[in-house]
Amino acid sequence: MSEDEAIGSRETELLAARRTSMEKLERAGMPAFALTLERALGVAEQTPIAAVRAAHGELGLDDVTGTIVTLAGRVVLKRDIGKLKFLVVRDRSGDLQMVASSADLPEDQFTLLDEVDLGDIIGVTGRVGTTRKGELSVFADRWAMLTKALRPLPEKWHGLQDPDLQQRRRYLHLIADEAPRRAFLARSAVLKTMRRVLDDRGFVEFEGPMLQTVAGGANARPFTTHHHALDTPMKLRISLELYLKRMLVGGVERVYELGRNFRNEGIDRDHNPEFTMLEAYQAYGDYHSMMELSEVLLTECARAVNPIVGRDADDLRISVQGRTIDLTPPFARITILGSVSDAVGESVTLDHPGLPTLATHHGVHVERAWGPGKIVQELFEKLVEGTIEQPTFVCDFPREVSPLARPHRDDPGLTEHFDLVAAGIELVTAFSELTDPIEQRAKFELQQQMKEVLGDEVHPFDEDFLRALEHGMPPVGGLGMGIDRTLLLLTDAASLRDLIMFPSQRPE
RNA sequence: GGGCCCGUAGCUCAGCCCGGUUAGAGCAGGGGGCUUUUAACCCUCGUGUCGCAGGUUCGAAUCCUGCCGGGCCCA
């Protein structure tokens with residue numbers, strides 16, 4: 001937006017005042033946008049504010065040391081007493097007060113401080129000490145503008161409250177509030193921890209294609225686009241699975257991908273059109289191996305996130321939505337049929353003749369095309385999933401609803417498929433993977449028939465994936481873990497939008 | 001898709017129920033003062049699409065309808 005498009009005279013006036021300050025600085029020979037700290041101030045390195053605090057925690061009142069430091073950061077508060085000015089500077093590690101006295105600074109340097117506004121990024125060199133009230137400060141010998149802010153900061157006490165603006169102008173939210181910074185750091189900690197755990201176990205990180213001609217591996221509407229050079233429609237991936245399995249066919253026995261999936265569906269507190277998933281595959285493992293891996297991944301991520309959100313690193317009893325969730329392994333193991341049986345108060349099996357009636361009785365709308373397995377899954381989601389607080393492996397999903405999992409070793413009507421649920425949130429889905437290409441084709445065909453009957457969009461399935469399976473994939477355990485949902489649990493956030501710095505939004 | 005709530009200055013919010021001077025405050029900003037402040041303080045300065053459109057009325061930020069944007073809950 002150019003300045004003449006600014007709406008409202010108040011805003012125009014604020015912007016004009018900052019332009020005027022900028023011009024005054026430059027007329028006085030101080031660039032409003034410095035090249036480097038060294039060029040501006042003659043010092044190459046800033047001292048992190050946390051380091052200044054750590055080194056000078058024991059000073060009493062009115063005690064100025066001989067230690068010279070250089071701070072660089074954003075001015076977040078300014079108190080001007082006339083011949084004495086107090087500015088609070090914020091860097092990545094914390095806040096520290098700068099004291100500027102007309103007695104210590106050259107006159108032109110002191111006068112130019114009038115042109116420093118809240119939000120400007122400055123550099124300061126001076127002695128570390130305390131004021132008469134004991135506030136740790138840097139007593140400035142010289143300072144320089146590093147970057148002039150041409151727009152004002154949000155309200156200094158209440159910050160940026162409008163949830164829409166918090167997301168659209170996340171840069172301001174990050175300045176005004178520590179919550180988004182914690183969310184950002186927690187995500188980084190989770191990603192780093194997952195890579196460490198998997199790398200230590202011999203897994204190799206892989207990057208599969210995001211642009212695909214067939215978007216498979218899940219049931220979701222894809223985003224579509226067009227590749228001009230190939231003159232062909234393309235889709236953004238909805239899952240990582242099918243390309244990781246191709247790598248297994250190719251002989252990579254332990255492989256994982258941490259990456260973005262895209263689903264062209266609704267937005268709410270736990271859905272965003274783009275979201276981050278971990279998928280990991282371990283040859284010669286099965287879903288029991290994946291349970292152990294899930295436990296390690298979740299607890300290690302908790303230890304990494306804990307210090308960021310103010311818990312002791314090893315505290316695995318975390319508070320989520322007012323309840324205490326104990327992440328200490330081993331997690332509980334239940335079966336989906338057992339849990340649904342408990343919820344309805346009678347034994348539920350896949351050959352239970354009254355299943356549709358039972359479901360309707362419990363408020364589940366039953367589609368004609370649904371078989372018993374789908375009804376059981378719906379009953380589970382409606383009656384059980386949200387009530388599971390402590391981390392629990394819900395095991396042995398019906399074959400009908402789990403097209404990529406292998407049949408259960410003890411019951412061919414079920415699959416070796418578990419979901420890990422905690423605080424009512426589904427965190428992990430894992431299988432003993434289906435390796436039989438004939439069975440896999442039959443499953444895909446069944447899924448398509450179901451969609452046709454329901455009138456849903458039918459997409460062709462991935463023939464090359466089936467060809468790869470026909471070349472032979474070793475027995476393999478695989479898991480998919482939602483990173484955003486894991487963060488929702490570990491940071492006790494209210495919504496995914498608090499954890500995704502720039503969530504999908506309507507254009508401004 | 002259904003229900004409830006919100007939208008007033010750059011930011012944070014009053015005012016709306018029960019219509020009636022010229023729509024207010026704090027922060028930020030302009031001017032002035034102040035050598036120890038801690039959201040500094042004191043004096044002073046306001047050209048706002050009261051989300052948009054329509055309606056009711058002598059009169060609408062305020063009541064009604066529709067729309068747009070956002071939030072929470074449910075599906």
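Below, read A as the first sequence line, B as the second, and so on, with proteins coming before strands; counting in each chain starts at 1. Note: hydrogens, waters and symmetry copies are ignored here, and every other heavy atom, side chains too, is used. Since we're looking at a predicted model, the values are computed, not measured.
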Q) Does the side chain of A/L499 reach to within under 4.5 Å of the side chain of A/T491, using non-hydrogen atoms? A) yes
Q. Taking the side chain of A/L14 as heavy atoms from C-beta outward, which of B/A28, B/G69, B/U38 is closest to it?
A. B/A28
Q: Pick the C1' atom in B/A60 and in B/G55, then give their distance to the nearest Å.
A: 11 Å
Q | 4.5 Å side-chain heavy-atom contact, A/D177 and A/L160 | A | no
Q | Separation of B/A39 P from A/L87 CG (nearest whole Å) | A | 15 Å
Q.
Which nucleotide wins on minimum distance to the side chain of A/P154, given the candidates B/C11, B/C27, B/U38?
A. B/C11
**Q.** A/D164 side chain, from C-beta outward: closest of B/U35, B/A39, B/G70
**A.** B/G70
Q) Using a cut-off of 4.0 Å on non-hydrogen atoms, how would the nucleic acid contact of A/R18 be classed: base, sugar-phosphate, or nothing? A) nothing
Q: Could you please name the option among B/U38, B/G10, B/C11 that lies closest to any side-chain atom of A/E135?
A: B/U38
Q: Starting at atom CZ of A/R151, determine the distance to atom P of B/A9, rounded to an integer number of angstrom.
A: 16 Å
Q.
Considering every strand and a 4.0 Å limit on heavy-atom distances, what is the contact class for A/L77: base, sugar-phosphate, or nothing?
A. sugar-phosphate
Q | A/R317, CZ: over 12 other non-hydrogen atoms inside 6.0 angstrom | A | no
**Q.** Nucleotide opposite B/G1 in a Watson-Crick or G-U pair, distances under 3.5 Å
**A.** B/C74
(Q) Under a 3.5 Å cut-off for both contacts, is B/A23 paired Watson-Crick or G-U wobble with anything, and if yes, with which nucleotide? (A) none
Q) Between B/G70, B/U12, B/U35, which one does the side chain of A/R168 approach most closely? A) B/G70
(Q) Roughly how many Å apart are B/U12 and B/A28, using the P atom of each and rounding to a whole number? (A) 15 Å
Q. How about A/T70 and A/V124: do any of their side-chain heavy atoms sit closer than 4.5 Å?
A. no
Q) Which whole-number value in Å describes the distance from A/L174 CG to B/C11 P? A) 18 Å
Q | Nearest-nucleotide pick for A/D117, side chain only, options being B/G29, B/C27, B/G69 | A | B/G29
(Q) Within the 4.0 Å heavy-atom criterion, would you say A/D62 contacts the bases, only the backbone, or no part of the nucleic acid? (A) nothing
Q) With respect to the side chain of A/H158, which nucleotide from B/G69, B/U36, B/U12 is positioned closest? A) B/U12
**Q.** Whole-angstrom distance between B/G10 and B/G1, as gauged at atom C1'
**A.** 37 Å
**Q.** Whole-Å C1' distance, B/U62 and B/A23
**A.** 11 Å
Q. Roughly how many Å is it from CG in A/L165 to C1' in B/C6, rounded to a whole number?
A. 14 Å
Q. Rounded to whole angstroms, how far apart are CE on A/M98 and C1' on B/U35?
A. 15 Å
Q. So what does A/L160 hit on the nucleic acid, given a heavy-atom distance under 4.0 Å: a base, only sugar-phosphate, or nothing?
A. sugar-phosphate
Q.
Any carboxylate oxygen within less than 4.0 angstrom of a Lys/Arg side-chain nitrogen, looking at A/E265 and A/R221?
A. no
Q: Considering only atom C1', compute the distance from B/C50 to B/G7 and round it to an integer number of Å.
A: 10 Å
Q | Among B/U35, B/C27, B/G71, the nucleotide that comes nearest once only the side chain of A/E155 is considered | A | B/C27
Q. According to the interplanar angle, ranging from 0 to 90°, do the rings of A/F262 and A/F223 count as parallel (below 30°), tilted (30 to 60°) or perpendicular (above 60°)?
A. perpendicular
(Q) Looking at B/U35, I'd like to know if its phosphate oxygens (OP1 or OP2) sit under 4.0 Å from a side-chain N or O belonging to A/K85. (A) no
Q.
Tell me whether the side-chain N/O atoms of A/K156 come closer than 4.0 Å to OP1 or OP2 in B/A40.
A. yes
Q.
Can you measure A/L153 atom CG to B/U12 atom P for me and round it to whole angstrom units?
A. 12 Å
Q) Which part of the nucleic acid, if any, lies within reach of A/R497 when heavy atoms closer than 4.0 Å are counted: base, sugar-phosphate only, or nothing? A) sugar-phosphate
Q | C1' spacing across the pair B/A75 / B/G69, given as an integer number of angstrom | A | 23 Å
Q: For B/C67 and B/C27, measure between their C1' atoms and round to the nearest Å.
A: 34 Å
Q: Taking the side chain as every heavy atom from C-beta outward, state whether A/T125 and A/V69 have any pair of such atoms under 4.5 Å apart.
A: no
Q) If you measure from the C1' atom in B/C68 to the same atom in B/G29, how many Å do you get, rounded? A) 31 Å
Q | Nearest to side-chain heavy atoms of A/S102, which nucleotide of B/U38, B/U35, B/G70 | A | B/U35
Q. Between A/K83 and A/R269, who's closer to the 5' end of RNA chain B by nearest nucleotide?
A. A/K83
Q: Calculate the interatomic distance between A/D162 atom CG and B/G70 atom P; express it in whole Å.
A: 11 Å
Q: Just compare B/U36, B/G70, B/A40 and give me whichever is closest to any side-chain atom of A/R79.
A: B/A40
Q: To the nearest Å, give me how far apart CG (A/L150) and P (B/G29) are.
A: 14 Å
Q.
Does atom CZ (A/R39) have a neighbourhood of more than 12 heavy atoms from anything else shown, all under 6.0 Å?
A. no
Q: For A/P152 and for A/G159, locate the closest nucleotide of RNA chain B by heavy-atom distance; then report the residue assigned to the nucleotide nearer the 5' terminus.
A: A/G159
